[in-house]
Amino acid sequence: MTNDFNPKSDFLAILLERGFLHQCSDLAGVDAKAKAGELTAYIGFDCTASSLHVGSLLPIMMLRWLQKTGNKAVPLMGGGTTRVGDPSGKDESRKLLSIEQIDANKDSIKKIFAKFLTFGSDTHDAIMPDNAEWLTALNYIEFLREVGRHFSVNRMLSMDSVKMRLERDQELSFIEFNYMCLQAYDFVELNKRYGCVLQMGGSDQWGNIVTGIDLGRRMGRPQLYALTSPLLTTSSGAKMGKTAAGAVWLNEDMLPIYDYWQFWRNTEDADVGRFLRLFTELPMDEIRKLESLGGAEINEAKKILANEATSMVHGRNAAELAAETARKTFEEGTISASLPTVTVSSDELTAGIGVLNAFVKAGLVASTGEARRQIKGGGLRINDELANDERAMISSAQVNSDGVIKLSLGKKKHVLLKAQ
RNA sequence: GGGGGAGUGUCCCGAGCGGCAAAGGGGGCGGACUGUAAAUCCGCUGGCUAUGCCUUCGUAGGUUCGAGUCCUACCUCCCCCA
């Protein structure tokens, strides 16, 4: 759909050439607004966890480009909608989060945005409203009379997500219907409050966004627009941002910066170019140069990807430290003091800790059972020595000259155990 | 409303004559090979205070020395008839 479109705005030009665009309700319309620097766009973020993960990075980058190209970015905190819970894509409704939990998550998530956007009160500064501001104040009857009457059930029934469920005779709860309505209402409310005319999101949000556009028209708002980004998977088809250890979190307290850097460093060859476009701000000609590197040379491109992507979230210094840590660990084979570290009490260490428990404590394995299996498979190392006795004890005798014990799972995952 | 079928290892899909920690995939993790890549091959893939103990097959009971397997009720889903 976007092949023959020639954007006049920097915003769309960048989105297009970097691979952010999947679908747009009206490219020309959005283009004109963006060209004039009058585009205010929002993306909603649910507060279901205390950190966003790399899956959210793509929408965040869209907001960043939006602001960089002279428009107004609005990350919307879903403090209200999270109380309802978005059931789409799930066969079972998740347990509802407590309001305290949601608020705590929200506070934690908010910090991320400050690293990507400039907030303030100027026209083009980003703002971060919370839909709890208006949703929690809604009165059911009033909402039905003023907003609900504009929703065409006929139309909603024809939406793909709904149609599929009905055809397969699968439960579609009323709350799910309401989630769509609330999201649509958000769009209209943001238009009223801030003149927001564009909602962006992942391609799975298309239906919900269009419902918002429709509601806007029925309620006499100006023309609204939708723009979605492709669903990201790696070349081998895996969902982006999920590892066995869990999601790749953006918050440092959920995932050490070193591990974040490593995540990008381990990108598959085939993804390097695409990721450089999406997750860094390097100029396009440089990216083209980097992705054309062949064989082992592409590792240089991966390091740059890791540096750039890590700088964006954690800052240039932290990224360089991570890069240096990786260099020492992998290229020199020495122990860097800045590897992820887990502390144990010195009493405990003096008394001795079983190897199995030590690796569990370090978070390298999930259970002593797994530790046992890894030892059998030759996957665990203590100070680079293969661990082959599951009953061995780790004690202060193994502390090296830097005061730490290095525990490794496989060749890539290292944690330092430190007595305190 | 009537008739038929199905829910399995808390990532998913899926076999399972009454002896089952439960076949086989996918995914994931580890090993070999490499370039901290991919592909390929090999191993592992409930928990624990571990030659034993505990918890798992939709839910709750029952039969049995013994139940994923048989019986009863319930819940949920799928198909056919009205």
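Keep in mind that this is a model prediction, so the values were computed, not measured. We name chains A, B, ... by the order of the sequence lines, and we start the count at 1 in each one.
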Sugar-phosphate, base or nothing in reach of A/Lys302, heavy atoms under 4.0 Å: base
Sugar-phosphate, base or nothing in reach of A/Ile298, heavy atoms under 4.0 Å: base
Nearest to the side chain of [X], heavy atoms from C-beta on, is which of [options]?
X: A/Trp261; options: B/U36, B/A37, B/G30; value: B/U36
X: A/Ser367; options: B/G35, B/G47, B/C29; value: B/G47
X: A/Gln262; options: B/A50, B/U36, B/G31; value: B/U36
X: A/Arg372; options: B/G30, B/A50, B/U36; value: B/A50
X: A/Arg373; options: B/C48, B/C29, B/U45; value: B/U45
X: A/Ala296; options: B/G30, B/A32, B/G35; value: B/G35
X: A/Thr368; options: B/U49, B/G31, B/A37; value: B/U49

Could you give the distance separating [M] and [N] at their [atom1] atoms, to the nearest angstrom?
N: B/A82; M: B/G19; atom1: P; result: 43 Å
N: B/G25; M: B/G46; atom1: P; result: 14 Å
N: B/C41; M: B/A67; atom1: P; result: 42 Å

Atom [atom1] of [X] and atom [atom2] of [N]: how far apart are they, to the nearest Å?
X: A/Leu409; N: B/G28; atom1: CG; atom2: P; result: 15 Å
X: A/Asn266; N: B/U34; atom1: CG; atom2: C1'; result: 14 Å
X: A/Glu331; N: B/G35; atom1: CD; atom2: P; result: 13 Å
X: A/Phe359; N: B/C29; atom1: CZ; atom2: P; result: 17 Å
X: A/Lys411; N: B/U36; atom1: NZ; atom2: P; result: 10 Å
X: A/Lys303; N: B/U36; atom1: NZ; atom2: P; result: 8 Å
X: A/Glu390; N: B/U51; atom1: CD; atom2: C1'; result: 12 Å
X: A/Arg327; N: B/U36; atom1: CZ; atom2: C1'; result: 15 Å

Heavy-atom pair of closest approach, residues A/Tyr258 and A/Pro340: CD2-CD, 3.4 Å
Set of side chain to side chain contact (heavy atoms under 4.5 Å, CB included) partners for A/Thr118, sequence neighbours left out: A/Gln67, A/Asp125
Sidechain N-carboxylate O distance under 4.0 Å for A/Arg217, A/Asp214: yes
Ionic contact status for A/Glu291 with A/Arg274, cut-off 4.0 Å: no
Test item: A/His314 and A/Tyr260 side chains (from C-beta on) under 4.5 Å apart, heavy atoms: yes
Ring pair (Phe, Tyr, Trp, His ring centres under 6.0 Å) evaluation trace for A/Tyr42 with A/Tyr194: CA-CA 10 Å; A/Tyr42 95 92; A/Tyr194 309 110; over 10 Å; no
For B/C12, glycosidic torsion class - syn if within 90° of 0, otherwise anti: anti
Watson-Crick or G-U wobble partner for [N], using a 3.5 Å limit on both distances?
N: B/A6; value: B/U76
N: B/C41; value: B/G31
N: B/G66; value: none
N: B/C53; value: B/G47

OP1 or OP2 of B/C42 under 4.0 Å from side-chain N/O of A/Lys376: no
Short side-chain N/O contact to B/U36 OP1/OP2 from A/Lys413, under 4.0 Å: no
For A/Lys418, the option from A/Val344, A/Val404, A/Ile405 that meets side-chain contact (heavy atoms from CB on, under 4.5 Å): A/Val404
